[in-house]
2 protein chains.
Amino acid sequence: MEEEKQHLNAYLKQHGLKKSVQRERILEVFLDIENHLTAEELLEHVKKKYPEIGYSTVYRSLNLMVKAGLAKVVDIGDGSARFEHAFRHGEHDHLICERCGNLIEFKDPRCKPIIDEVAEQKKFVVKRHRLDIFGICNDCIDKTEEE
Amino acid sequence: MEEEKQHLNAYLKQHGLKKSVQRERILEVFLDIENHLTAEELLEHVKKKYPEIGYSTVYRSLNLMVKAGLAKVVDIGDGSARFEHAFRHGEHDHLICERCGNLIEFKDPRCKPIIDEVAEQKKFVVKRHRLDIFGICNDCIDKTEEE
DNA sequence: CTCATTGCAAAGCCTTTGCATGGAG
DNA sequence: CTCCATGCAAAGGCTTTGCAATGAG
């Protein structure tokens with residue numbers, strides 16, 4: 001938490017930007033939640049603790065955090081961007097439940113080499129990748145069976 | 001082309017929907033273009049040949065084609081959905097150039113087994129996946145070097 | 001005849017932006 | 001003091017929807 005705040009402050013200083021209570025508070029709320037939240041969901045949580053913070057500040061802070069490397073956008077294609085922690089969190093991919101919308105993270109060491117090889121073949125310089133597996137998560141399967 | 005039309009008509013009949021000139025024409029234009037187009041880009045092409053067709057019809061037909069399995073949505077995260085041919089086109093993934101926005105398709109047989117195994121471990125039922133590799137395509141690298 | 005489709009304009013949804021006020025450096 | 005940040009409301013970009021008129025089955 002402290003480390004993230006320092007990281008943010010360093011970023012702000014480096015870019016001639018200024019600290020603010022709002023930014024710090026939004027970061028705190030964001031870090032407190034381990035889920036992949038939409039901006040609106042984060043906004044709700046922020047409003048609960050700090051009702052005076054406006055929604056554009058949340059959007060702006062979120063974008064800032066992405067630029068600063070503290071957050072990452074996850075786009076599951078439902079219209080709203082989700083945000084996940086990016087600081088000291090390793091690379092990973094997602095299982096996305098089409099029923100409940102939940103995201104499960106996973107890592108598999110075999111992916112990267114394949115990606116690099118494919119790119120090599122196409123003479124493509126890889127910056128990043130995303131592997132999303134869509135389907136139904138275990139919880140939702142159980143629920144279906146109970147019916 | 002004829003096969004796709006038949007497929008569409010079969011879908012329409014099956015669902016109590018009706019044929020229309022517009023739908024057929026939009027499908028034709030769509031099939032004529034091998035690129036991954038946004039709705040707006042497709043609309044432009046449609047308008048060139050058939051100026052009387054409205055944009056909402058293009059959107060609606062595109063959605064219809066997706067449901068009918070003739071088109072697939074590709075979301076590269078820039079705000080606009082792109083559409084690719086899905087009928088008699090095998091599964092594949094994408095290299096996405098962050099500079100020119102071009103999509104390069106690729107297939108690698110090693111992906112699926114990994115995905116299935118990961119899902120198995122997490123007791124997740126896979127419906128589909130998407131592997132997108134973002135970076136700079138060969139053309140754009142060449143352009144950079146020329147400068 | 002009945003019900004789906006069309007084209008237009010309007011609305012929806014998420015996100016960004018303009019502007020005046022307030023605050024950090 | 002100088003700019004940046006904030007909060008509000010307004011605008012933006014893409015897509016969907018309501019509605020009256022048209023057209024397919």
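Throughout, protein chains are lettered first and strands after them, A, B, ... in sequence-line order, and every chain is numbered starting at 1. Below, each value reflects all heavy atoms present in this structure, side chains not excepted, and no hydrogens, waters or symmetry copies.
For Ser56(B) against dC8(C), a side-chain-to-base donor-acceptor contact under 3.5 Å is present. A donor-acceptor contact under 3.5 Å links the side chain of Lys18(B) to the base of dA24(D).
Residue Tyr55(A) contributes atom OH, which lies 14 Å from atom P of dC13(C) at whole-angstrom precision.
By the criterion of side-chain heavy atoms lying less than 4.5 angstrom apart, applied directly or through intervening Ile, Leu, Val, Met, Phe, Trp or Tyr residues, Leu131(A) is grouped together with Val126(A) in one hydrophobic cluster. Tyr50(B) and Met1(B) fall within the same hydrophobic cluster, where Ile, Leu, Val, Met, Phe, Trp and Tyr residues are linked whenever their side-chain heavy atoms come under 4.5 Å apart, directly or through other members.
In this structure, Asn63(B) reaches the dT16(D) phosphate: one of its side-chain N or O atoms is under 4.0 Å from OP1 or OP2. Here Arg23(B) reaches the OP1 or OP2 of dT5(C): one of its side-chain N or O atoms lies under 4.0 Å away.
Side-chain N or O atoms of Glu41(A) include one that pairs as donor or acceptor with a backbone N or O of Thr38(A) at under 3.5 Å.
Residue Phe30(A) is tested with His85(A), His45(A), His36(A) for a ring-ring contact (aromatic ring centres under 6.0 Å, His included); the sole match is His85(A).
Relative to the side chain of Gln22(B), the nucleotides dT16(C), dT6(C), dG7(D) differ in distance, and dT6(C) lies closest. Picking from dG7(D), dT15(D), dA5(D) the nucleotide with the shortest atom distance to the side chain of Ala39(B) gives dT15(D). For Tyr59(A), taking side-chain heavy atoms from C-beta onward, the closest of the listed nucleotides dT16(D), dA4(C), dT16(C) is dT16(C). Taking only side-chain atoms of Thr57(B), from C-beta outward, the nucleotide of dT6(C), dG18(C), dT15(C) with the closest atom is dT6(C).
Remark: Glu91(B) does not engage Arg128(B) in a salt bridge, criterion side-chain N to carboxylate O under 4.0 Å. A salt bridge is defined here as a Lys NZ or Arg NE, NH1 or NH2 lying under 4.0 Å from an Asp or Glu carboxylate O, and Glu28(B) with Lys49(B) fails to meet this definition. Using a 4.0 Å cut-off between charged nitrogen and carboxylate oxygen, Glu98(B) and Lys127(A) do not count as a salt-bridge pair.
Axis orientation changes by 30° from one end of the helix from dC1(C)-dG25(D) to dG25(C)-dC1(D) to the other, with each end axis drawn from 5 pairs and the value rounded to 10°.
Aromatic rings of His15(B) and Tyr11(B) (six-membered ring for Trp) have centroids within the 6.0 Å cut-off, being under it.
Taking the side chain as every heavy atom from C-beta outward, His94(A) and Glu84(A) approach each other to under 4.5 Å.
Ranked by how close their nearest DNA chain D nucleotide is to the 5' end, Ser61(A) and Thr38(B) are led by Ser61(A). Of the residues near DNA chain C, Glu40(A) and Arg60(A), the one whose nearest nucleotide (by heavy atom distance) lies more toward the 5' end is Glu40(A).
If you check residues 64-83 of chain A against DNA chain C, the residues with a heavy atom closer than 4.0 Å are Gly79(A), Ser80(A), Ala81(A), listed by number.
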